[in-house]
Amino acid sequence: MRTFLNEAVGLLTVHTENIYLRYRLRETMELAPVYTRGPRAHNPNSEPYKPVKTDKED
């Protein structure tokens with residue numbers, strides 16, 4: 001019985017952690033900007049999460 005309970009607690013812990021991570025991911029994805037105007041060049045010197053302006057957009 002003790003072995004069964006240890007396994008059950010372990011599985012419930014993993015399941016609860018998965019639910020929490022799914023919730024956090026969904027919450028983060030709702031706040032994330034979505035760029036639909038094609039690929040963006042990466043500039044490590046610019047502010048994070050800001051797209052680089054190109055000549056095509058102006």
Say you draw a straight line from [atom1] of [X] to [atom2] of [Y]; how long is it, rounded to the nearest 0.5 Å?
X     : Y     : atom1 : atom2 : result
His15 : Leu12 : NE2   : CG    : 7.5 Å
Glu17 : Ile19 : CD    : CD1   : 11.0 Å
Tyr23 : Thr28 : OH    : OG1   : 9.5 Å

